[in-house]
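None of these values were measured; they are calculated from a predicted model.
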Amino acid sequence: MKKHLLFLFLILISLINFSCKTSKNLVYLNNTQDDELLVDMPESTDEYKIKVNDNLFVDIKSLSPEVNAIFNPAQGVGTQGGTQQNYGQISGQYLNGFLVDLRGNINLPIIGFVNVLDKTLEEARVEIQSKADEYIKEATVKVKLLSFKITVMGEVKNPGVYYNYSNSLTVLEGISMANGVTDYARIKKVLVLRPTPKGSKTHRLDLTDKSFLNSKAFFLQPNDVVYVEPDKYKNVKLNSPMYSLFLSTISTLILVFNIL
């Protein structure tokens with residue numbers, strides 16, 4: 001009987017060990033030191049270049065509210081209120097933004113088609129500015145990307161599609177948008193899937209190691225997919241209560257049989 005119980009005890013201990021993570025597998029940047037200066041960190045991402053099907057916010061302003069209403073019909077005469085009302089929601093952005101067509105053009109009121117394909121937002125702004133100057137005196141032009149969205153999947157608390165409205169977004173910020181990782185996350189293996197003209201490119205990041213700060217995928221780009229892999233012992237962890245109950249039942253039966 002003692003041999004049987006010892007055997008069951010060893011199995012139970014093995015299952016517990018499999019289901020436990022070390023602290024190194026749970027902590028981001030665990031190989032950094034106090035007051036360490038991370039000199040090789042990239043300061044910003046490469047400037048994004050506009051692609052087909054991108055949705056752009058284009059704002060053309062002059063001193064005349066009437067002229068502004070002609071060049072920005074979605075905003076109307078009430079500039080601030082119209083902007084908030086028409087672009088405050090995703091549906092409004094989709095309906096009122098300027099979609100880049102298959103030829104790389106956007107079709108602006110009065111101005112007509114402007115090619116913005118493979119241009120940075122600043123280059124697109126300069127191009128639209130030159131067109132607007134033909135119609136308006138002292139025009140002011142703004143160009144923003146409305147379709148900067150990422151998808152966060154896997155072992156995060158709130159997987160989904162998230163929109164970014166700042167100039168840059170890191171992978172840590174992207175995961176934070178999804179309210180962080182679950183207890184079953186394997187942060188040593190985070191996949192960033194990035195669409196390119198030649199196909200999707202993969203980047204593997206180990207968030208426990210500071211070296212990931214130098215990765216090209218540290219700064220996310222529009223339409224990136226972030227996938228946090230599950231821990232390889234997730235199934236064991238989820239089923240550990242069942243294993244414990246099973247082993248407890250077996251040990252009880254062995255004990256009863258030995259008594260009888």
* To do: Provide the closest heavy-atom pair for Gly174 versus Val152 in the form atom of the first, atom of the second, distance.
  => O-CG2, 3.6 Å
* Which distance, rounded to the nearest 0.5 Å, do you find between the CD1 of Ile175 and the CD of Glu155? -> 12.0 Å
* Kindly give the cluster partners of Tyr94, where membership spreads through any ILVMFWY side chain lying under 4.5 Å from a current member. => Leu95
* Asked: Out of curiosity, Lys142 NZ to Ile128 CD1, how far, rounded to the nearest 0.5 Å?
  -> 14.0 Å
* Rounded to the nearest 0.5 Å, how far apart are NZ of Lys216 and CD of Gln221? -> 10.5 Å
* Report the C-alpha separation of Asn105 and Val100 in whole Å, then their side-chain angles, then the decisive distance to 0.1 Å, and conclude whether the side chain to side chain contact (heavy atoms under 4.5 Å, CB included) test is met. => CA-CA 5 Å; Asn105 297 319; Val100 181; over 6 Å; no
* How many angstroms lie between atom CZ of Phe148 and atom OG of Ser168, to the nearest 0.5 angstrom? -> 7.5 Å
* To do: Kindly state each residue pair satisfying salt bridge (charged side-chain N to carboxylate O under 4.0 Å, His left out) with at least one member in residues 193-203, sequence neighbours excluded.
  => Arg194-Asp224
* **Audit row: Phe98, Val143, side chain to side chain contact (heavy atoms under 4.5 Å, CB included) steps and yes/no** => CA-CA 10 Å; Phe98 293 95; Val143 179; over 6 Å; no
* Asked: So how far is it from Ile60 CD1 to Lys131 NZ, rounded to the nearest 0.5 Å?
  -> 12.0 Å
* To do: Work out which heavy atom in Leu146 is nearest to a heavy atom in Gly97; give both atom names and the distance.
  => CD1-CA, 3.9 Å
* For Ser200 and Thr202, run side chain to side chain contact (heavy atoms under 4.5 Å, CB included): C-alpha distance rounded to whole Å, both residues' side-chain angles, the deciding distance at 0.1 Å, then the answer. => CA-CA 7 Å; Ser200 294; Thr202 59; over 6 Å; no
* Closest approach of Val226 and Val190, non-hydrogen atoms and distance? -> CG1-CG1, 3.9 Å
* Linking directly or through intermediates, with side-chain heavy atoms under 4.5 Å: list the remaining ILVMFWY members grouped with Leu99, chain and number order. => none
* Test side-chain contact (heavy atoms from CB on, under 4.5 Å) applied to Ser147 - qualifying residues, sequence neighbours left out -> Asp54, Asn55, Leu145
* **By side-chain hydrogen bond (donor to acceptor under 3.5 Å, both in side chains) - contacts of Ser130 (at least two apart)** => none
* Under 4.5 Å between any side-chain heavy atoms of Asp59 and Phe57, yes or no? -> yes
* Does Asp133 have any salt bridge (Lys or Arg N to Asp or Glu O under 4.0 Å) partners at least two apart in sequence or in another chain, and if so, which? -> none
* Structure fact -> In short, Tyr163 meets Met177 closest at the heavy-atom pair O-CE, 3.8 Å
* Asked: If you group Ile, Leu, Val, Met, Phe, Trp and Tyr by side-chain heavy-atom gaps below 4.5 Å, do Val161 and Tyr165 land in one group?
  -> yes
* **Qualifying residue for side chain to side chain contact (heavy atoms under 4.5 Å, CB included) with Ile50, from Ile106, Thr120, Leu117, Leu121** => Leu121
* **Partner residues of Asn179 under the side-chain hydrogen bond (donor to acceptor under 3.5 Å, both in side chains) criterion, sequence neighbours left out** => Asn158
* Within the side chain of Gln129, is there an N or O that forms a donor-acceptor pair under 3.5 Å with the backbone of Ala139? -> yes
* To do: Would you list the pairs meeting salt bridge (charged side-chain N to carboxylate O under 4.0 Å, His left out) in which at least one residue belongs to residues 92-121, sequence neighbours left out?
  => none
* **Partners meeting salt bridge (Lys or Arg N to Asp or Glu O under 4.0 Å) with Glu122 (sequence neighbours left out)** => Arg125
* Locate the shortest heavy-atom distance separating Asn115 from Glu127; write the atom from each residue and the value. => O-CG, 4.3 Å
* Go through Thr182 and Val156 one step at a time and tell me if the side chain to side chain contact (heavy atoms under 4.5 Å, CB included) criterion holds. => CA-CA 5 Å; Thr182 70; Val156 291; 5.5 Å; no
* Asked: With hydrophobic residues grouped by side-chain heavy-atom distances under 4.5 Å, do Tyr135 and Val67 end up in a single group?
  -> yes
* Excluding sequence neighbours, so at least two apart, what forms side-chain hydrogen bond (donor to acceptor under 3.5 Å, both in side chains) with Lys149? -> Asn223
* To do: Give me the other members of the hydrophobic cluster that Leu191 sits in, counting Ile, Leu, Val, Met, Phe, Trp and Tyr linked by side-chain heavy atoms under 4.5 Å, directly or via other members.
  => Met153, Leu193, Val225, Tyr227
* Structure fact -> dist Ile111:CD1 -> Glu134:CD (nearest 0.5 Å) comes out at 8.5 Å
* Structure fact -> Looking only at heavy atoms, the pair that brings Pro109 and Ile70 closest together is CB-O, 3.7 Å
* Quick one: do Leu63 and Ile136 end up in the same hydrophobic cluster if we chain Ile, Leu, Val, Met, Phe, Trp and Tyr together by side-chain heavy atoms under 4.5 Å apart? -> no
* Does CD in Glu138 sit with more than 12 non-hydrogen atoms of other residues, nucleotides or ligands closer than 6.0 Å? -> no
* Honestly curious: do Val52 and Tyr48 fall in one hydrophobic cluster under the side-chain, below-4.5 Å linking rule? -> no
* Between Asn68 and Lys61, is there a donor-acceptor pair closer than 3.5 Å when you use the side chain of the first and the backbone of the second? -> no
* Sequence neighbours excluded, which residues qualify as side-chain contact (heavy atoms from CB on, under 4.5 Å) partners of Asp206? -> Lys188, Thr208, Asp209
* Asked: Would one find more than 12 heavy atoms of other residues, nucleotides or ligands at under 6.0 Å from atom NZ of Lys51?
  -> yes
